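Note that the coordinates shown come from a computational prediction; the quantities given were computed from them, not determined experimentally. Within every chain, numbering begins at 1; the chains are lettered A, B, ... in the order of the sequence lines, protein sequences first and strands thereafter.
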2 protein chains.
Amino acid sequence: MTLWQDIATTLREEIVRGVYPPDSTIPKETALMARHRVGRETIRRAIAQLVAEGLVEPVRRRGTVVRNRPARRRITRSRQVYRDEIGYFFDHTAQGWRPLQTPTVSRGPVPYDVASLLGVEPGAEVTIRDRVMGDPDTRQVKQLATSYIPVEIVTQFPILGQANTGPGGIYDRLEEGGQGPIEWREAISARMPTPTEARLMRLPAGVPVLRIVRLATSPSGRPLEVNETRLNAEEWEVGYPIAREVSAQA
Amino acid sequence: MTLWQDIATTLREEIVRGVYPPDSTIPKETALMARHRVGRETIRRAIAQLVAEGLVEPVRRRGTVVRNRPARRRITRSRQVYRDEIGYFFDHTAQGWRPLQTPTVSRGPVPYDVASLLGVEPGAEVTIRDRVMGDPDTRQVKQLATSYIPVEIVTQFPILGQANTGPGGIYDRLEEGGQGPIEWREAISARMPTPTEARLMRLPAGVPVLRIVRLATSPSGRPLEVNETRLNAEEWEVGYPIAREVSAQA
DNA sequence: CAGTGGTCTAGACCACAAC
DNA sequence: TTGTGGTCTAGACCACTGA
């Protein structure tokens, strides 16, 4: 263990023991330098570790504050798709959210792990639709949603390349064009945010994003779109019920 | 933007553009110092940022390597509970995993966000059961599972405080004791790992853990146990099907 | 065993926000 | 106004590991 790791461990234990409760500050850098008899950068490296863990947050002029993690709110993926006058919603909570900006449409390389879902080569050009969703009153950003659509699909349905795809969005356009009824599959994972995501969603350091990846296919299995939705992982959780149905062997 | 942020942005763009492909190295520190005409610590801070994002990984004697993110493997929470001779399993994949160590049982304060699920005061003493699950052949750790059980439950069912709870585990003991049929509710979120979790699961820096929190209740709604399972979020995703059932209004 | 990244120091100046 | 954390430098030595 190096010096800064020892100091980080000491501070971490004191935080979880409640020596420094949430919303209080840990000792300031000069005090920690004196206590541990080390240079300033050593202290700063220890604190940087705690910041990366999401435990503390430096606030200028106040000190390094112990973060108060709020209880998560639940998003229930109900395995039921809702459609209202705006479009499709995959859970109730998000139904209150609206685009805070006009969706941007661009072309670019498909991310590595989306390529296999879409059935295209890694790095291939696809159409990328970016949406910023949030509370229409407070204008607080709640989730970022990005759609990746193969070029052949956009060639066949040019409106998918437009910012405004009309009522019901791309899914209604695809179904009107004979690709319905669309089937969806979702998976949840997580990763660290890009700096852009962190800025838009006001994510503190050390907070990952929950990542809901949804593949839309035609009944014949043709991949139509991959949607990647990102949420503040400290603020949200995705819930679902478990049916009791014990079997003797899987 | 500060110097180190500019440098981090430049390097990040070069990485995603493919200038430095996965498994290759970015220029070494001395080269970056010369290129950007800054001191070494400035370069190191920029690289530390990319490490925290999970983009690169420093390897001594070789350089700073661009990480190759493997495709995630899917865990399907099938909404169906399986029980075999070992115990209960909530998905197929985990059914092949076994405890790599004897479970440890201790007493300690309940974590903040488990307290409300368990219906106890934040910081109250609970029984904590820790399990390390993994591949029995390679002995690679795949998931960590921690159970939190209120003291009254353990007083009523003392075997829940033992390391070995017998075939079927705590759920069978609770059901034998008249608390069944047990009902479960799950939710998925994510957070940064603790250093202990990172060490056990060999998590590189900048990789969060997927967190599956499961509440077990008796039919009367009495909270019996909260289980927190952690998985490498870069390696795993949790999947489920979506039933097509469009309703006019939610 | 040489070269890479890792740790640590002392010192300087900056920038922000609470008072 | 001022004290806090933020940035940056120059320099020294260490430790691991792959060529």
Inspect the surroundings of CZ in B/R131 and state if more than 12 heavy atoms from other residues, nucleotides or ligands are less than 6.0 Å away.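 Open: at most 12 neighbouring heavy atoms sit under 6.0 Å from CZ of B/R131.
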Give, for atom CG of B/L231 and atom CD of B/E197, the distance between the pair rounded to the nearest 0.5 Å.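 Spacing of CG (B/L231) from CD (B/E197) equals 11.0 Å.
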For [X] and [N], give me the distance from atom [atom1] to atom [atom2], rounded to whole Å.
X     : N      : atom1 : atom2 : answer
A/E57 : D/dT4  : CD    : C1'   : 15 Å
B/I26 : C/dT4  : CD1   : P     : 13 Å
A/E41 : C/dT7  : CD    : P     : 13 Å
A/L3  : C/dC8  : CG    : P     : 4 Å
B/Q49 : D/dC8  : CD    : C1'   : 17 Å
B/M33 : D/dT9  : CE    : P     : 9 Å
A/R61 : C/dC19 : CZ    : P     : 7 Å

Could you tell me whether the side chain of B/L210 reaches within less than 4.5 Å of the side chain of B/V238, counting heavy atoms only?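 In contact.
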So, do A/L32 and A/K28 sit near enough that their side-chain heavy atoms are less than 4.5 Å apart?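 With C-beta onward as the side chain, the pair stays apart.
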Have a look at B/I47 and say if it touches a base, only the backbone sugar-phosphate, or nothing, with a 4.0 Å heavy-atom cut-off.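 No contact.
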More 5' along DNA chain D: B/I43 or B/R40, using each one's nearest nucleotide?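 Closest to the 5' end, via its nearest nucleotide, is B/I43.
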Let's see if you can work this out: which of C/dG6, D/dA10, D/dC8 has an atom nearest to the side-chain heavy atoms of B/R45?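 Comparing C/dG6, D/dA10, D/dC8 against the side chain of B/R45, the answer is D/dC8.
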Measuring to OP1 and OP2 of C/dT9, would you say a side-chain N or O of A/T42 lies under 4.0 angstrom away?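 So the side-chain polar atoms of A/T42 do come within 4.0 Å of the phosphate oxygens OP1 or OP2 of C/dT9, strictly under.
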Does A/R44 have a side-chain nitrogen or oxygen under 4.0 Å from the phosphate oxygens OP1 or OP2 of D/dG6?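 Yes, because at least one side-chain N or O of A/R44 sits under 4.0 Å from OP1 or OP2 of D/dG6.
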